[in-house]
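Here it is: the structure, laid out below.
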2 protein chains.
Amino acid sequence: MGEFDLIARIRARAGSRDDIVLGIGDDAALLAPPPGRQLVVTADTLNEGVHFPHGTSPADIGWKALAVNLSDLAAMGAEPAWCTLSLSLPQSGTAWIDGFLDGFLTLAGEHGIALVGGDTTRGPLSVSVTAMGFVDAGRALRRDGARIGDDVWVTGTLGDAAGALALLETDPAHALRARLDRPTPRVRAGLELGGLANACVDVSDGLLADLGHIASRSGVAAQVDVGALPMSDALRGALDDTTRTALQAGGGDDYELCFTAPADAHARIDAVSSQLGLRITRIGWITAGEGVHPVDADGQPWSPPRRGYDHFATS
Amino acid sequence: MGEFDLIARIRARAGSRDDIVLGIGDDAALLAPPPGRQLVVTADTLNEGVHFPHGTSPADIGWKALAVNLSDLAAMGAEPAWCTLSLSLPQSGTAWIDGFLDGFLTLAGEHGIALVGGDTTRGPLSVSVTAMGFVDAGRALRRDGARIGDDVWVTGTLGDAAGALALLETDPAHALRARLDRPTPRVRAGLELGGLANACVDVSDGLLADLGHIASRSGVAAQVDVGALPMSDALRGALDDTTRTALQAGGGDDYELCFTAPADAHARIDAVSSQLGLRITRIGWITAGEGVHPVDADGQPWSPPRRGYDHFATS
């Protein structure tokens with residue numbers, strides 16, 4: 001299969017939207033942004049062996065490549081619209097690309113995001129996506145808006161993907177694996193939090209590391225009750241207590257939203273939780289100072305046994 | 001150097017524009033598109049050993065990664081605005097990234113395009129850029145607008161980059177090398193042609209292959225006078241006649257604009273050429289039919305000795 005055949009195969013399945021003037025097939029896409037709204041743009045790459053284990057199915061790679069970008073849009077409170085896909089492939093079998101598109105486009109369809117362009121090249125397996133969305137001016141969820149007295153919240157459960165990674169050698173098909181391979185971007189939660197949260201980040205590198213971005217960008221400190229971190233039943237049954245807590249606080253790939261909100265937003269956050277059928281848990285609070293300060297159930301400082309994930313860390 | 005240090009290094013040097021509400025440093029960028037204009041989006045990736053030779057300097061890689069994307073914006077007649085950069089690096093020395101940014105940001109500054117986000121990961125060397133720009137509604141240069149009776153034109157000279165590749169083993173520092181490593185995206189020409197050309201494509205895979213996209217998308221045939229293809233003095237002095245012609249017609253990496261325009265646009269095209277100090281040469285004409293039909297100086301069919309470049313071709 002040549003490059004042009006591959007592009008034709010992708011083009012035939014890319015979704016459409018009324019605001020796409022010209023999609024895949026020219027030198028660039030032509031798009032009509034909605035008047036008066038801001039454009040939200042993010043780019044994230046997945047490399048084999050770094051962001052997903054060798055042997056991950058093409059459909060799961062396709063899903064995850066889009067999911068991590070939708071998660072960034074969610075963290076801004078944005079409505080997904082368009083994306084581009086740059087795909088480097090060591091070979092180009094039709095089964096692989098069809099599987100990849102199954103995963104990518106299933107998730108795209110769920111969130112109304114259309115593939116409008118990109119590039120296919122020969123090279124080591126690597127998937128780069130740039131995702132675009134919209135937000136009303138002044139309503140974006142930024143990292144720099146946390147205020148002293150805010151509560152700190154997180155959606156869903158933490159540590160599941162890191163748990164699957166920890167079990168990869170001994171139990172690669174563990175139920176937690178779905179949370180590693182097919183993360184759920186919290187797009188609807190991000191949209192609902194647009195009028196409620198003061199600051200937001202998605203948890204991709206580990207809760208403490210990502211909450212650290214909110215603290216540093218906002219010029220505040222974050223206190224975290226490590227015992228309050230939400231845990232799935234699957235994780236509770238899979239690993240010992242110390243390991244679980246470490247993965248919840250420092251593991252990556254959760255793609256949950258961590259946000260801060262004033263105390264008087266509590267009832268409305270509970271309402272969003274009920275409406276979406278999504279657990280949203282208060283895990284800490286914002287104070288004057290700097291940094292992230294985890295404490296255990298006794299109020300004593302808790303030390304993470306490992307750092308937040310850093311793609312360039314020497315380990 | 002960790003990932004966050006690397007991002008900080010990039011962020012400190014990324015340009016700014018008044019329409020950037022929030023640049024690098026959050027989950028996504030926040031941008032304010034100009035009211036009433038269309039958004040033009042393209043994505044292209046460079047991989048080592050495929051799109052640039054092993055041993056290419058970091059500054060040249062940075063330049064070329066942006067240039068090939070600016071060339072796509074140019075081919076749409078778009079005004080460059082913003083870009084994202086996804087960078088996979090096997091190692092992360094400060095000298096390499098500083099050199100890369102020198103090349104990337106020098107070209108970005110020339111065209112007023114600002115880096116607003118992206119991603120750095122560990123992996124085989126790969127550079128993915130998504131570039132965004134603006135065009136007035138109805139004024140974009142598309143591939144599907146060529147009309148019977150149009151002339152076919154091309155900017156600059158053809159075959160120089162392919163000539164440098166042909167000389168890579170015997171004379172890697174030949175003067176043609178600059179055309180391979182530092183292509184000049186024809187952004188200003190694209191903007192000027194917005195009201196003149198009926199169809200346009202940038203020459204990245206080889207003239208005949210790229211002109212073939214115009215022909216097939218427009219439902220017409222293109223006749224090309226191979227003897228009229230513009231040639232640089234450097235290429236004329238470097239290779240024999242047969243090789244030169246083959247590289248001009250079928251070599252890739254030119255990043256010139258090939259466009260069609262009605263006969264009555266001739267004088268205005270000459271004026272654009274004078275204004276920009278850029279050679280623009282009439283090389284053929286559009287007829288009924290399909291495909292691209294090269295002819296030699298005697299009007300006889302000319303056969304390319306090699307195909308247009310296909311990243312997935314087995315050769």
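Note on naming: letters A, B, ... go to the chains in the order of the sequence lines (proteins, then strands), and numbering restarts at 1 for each one. Just so we're clear, the structure is a prediction, and the values are computed from it rather than from any experiment. Computed over heavy atoms, backbone and side chain alike; hydrogens, waters and symmetry mates excluded.
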Discussion item. Please check: side-chain N/O of B/T84 versus main-chain N/O of B/L115, any donor-acceptor pairing under 3.5 Å?
Written reply: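 Looks like no, no N/O pair under 3.5 Å.
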Item to complete: Quick one: which of A/T130, A/D26, A/D72 has the most heavy-atom pairs under 4.5 Å with chain B, could you say?
Response: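 Heavy-atom pair counts peak at A/D26.
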Fill in: Which of B/A131, B/A29, B/A74, B/C200 touches chain A most, by non-hydrogen pairs under 4.5 Å
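Max contact count across the listed options: B/A29.
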Worksheet entry | Top contributor to chain A interface from B/D202, B/I214, B/L22, B/V21 [non-hydrogen pairs under 4.5 Å] |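 Among B/D202, B/I214, B/L22, B/V21, the one with the most close pairs to chain A is B/L22.
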Practice prompt. Examine whether an atom of A/T45 lies under 4.5 Å from a heavy atom of chain B, and if so say whether it belongs to the side chain, the backbone or both; otherwise answer neither.
Written response: both
Discussion item. Hydrogens and angles aside, do A/S126 and B/S126 bring a side-chain donor and acceptor to less than 3.5 Å of each other?
Written reply: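 Judged by distance alone, the side chains do not pair up.
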Fill in: Nearest-0.5 Å distance that lies between atom CH2 in A/W82 and atom CZ in A/R17
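Those atoms lie 7.0 Å apart.
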Worksheet item: Would a distance-only check, ignoring hydrogens and angles, find a side-chain to backbone donor-acceptor pair under 3.5 Å from A/S218 to A/A215?
Response: no
Response to the item:
With chain B, the option among A/A140, A/G36, A/G25, A/A75 that has the most non-hydrogen atom pairs under 4.5 Å is A/G25
Worksheet item: Can you tell which of A/T42, A/D19, A/V116 has the highest number of heavy-atom pairs within less than 4.5 Å of chain B?
Response: A/T42
Practice prompt. Identify which part of A/R217 has an atom lying under 4.5 Å from any heavy atom of chain B, answering side chain, backbone, both or neither.
Written response: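 Only the side chain of A/R217 comes within 4.5 Å of chain B.
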Practice prompt. Could you walk me through whether B/L257 and B/V154 pass side-chain contact (heavy atoms from CB on, under 4.5 Å), step by step?
Written response: CA-CA 6 Å; B/L257 298 184; B/V154 71; over 6 Å; no
Practice prompt. Could you go through the side-chain contact (heavy atoms from CB on, under 4.5 Å) check for A/L125 and A/L89 one step at a time?
Written response: CA-CA 5 Å; A/L125 183 54; A/L89 288 176; 3.7 Å; yes
Practice prompt. Give a yes or no answer on whether the side chain of A/R186 reaches the backbone of A/E256 with a donor-acceptor pair at less than 3.5 Å.
Written response: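 Such a contact is absent between A/R186 side chain and A/E256 backbone.
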Discussion item. Using a 4.5 angstrom heavy-atom cutoff, name the option from B/N69, B/L46, B/D210, B/D44 with the most pairs to chain A.
Written reply: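 Heavy-atom pairs under 4.5 Å are most numerous for B/D44.
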Worksheet entry | Contacting moiety of B/L141, where chain A heavy atoms sit under 4.5 Å |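 Backbone of B/L141 only, per the 4.5 Å heavy-atom cut-off to chain A.
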Practice prompt. Mind ranking B/G133, B/S86, B/P35 by heavy-atom pairs under 4.5 Å with chain A and telling me who comes out on top?
Written response: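 Among B/G133, B/S86, B/P35, the one with the most close pairs to chain A is B/S86.
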Fill in: Which atoms of A/N47 approach chain B - backbone, side chain, both or neither, heavy atom under 4.5 Å
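Contact with chain B is through the side chain of A/N47 alone.
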Worksheet item: Can a salt bridge be assigned to the pair B/R9 and B/D98 using a cut-off of 4.0 Å between side-chain N and carboxylate O?
Response: yes
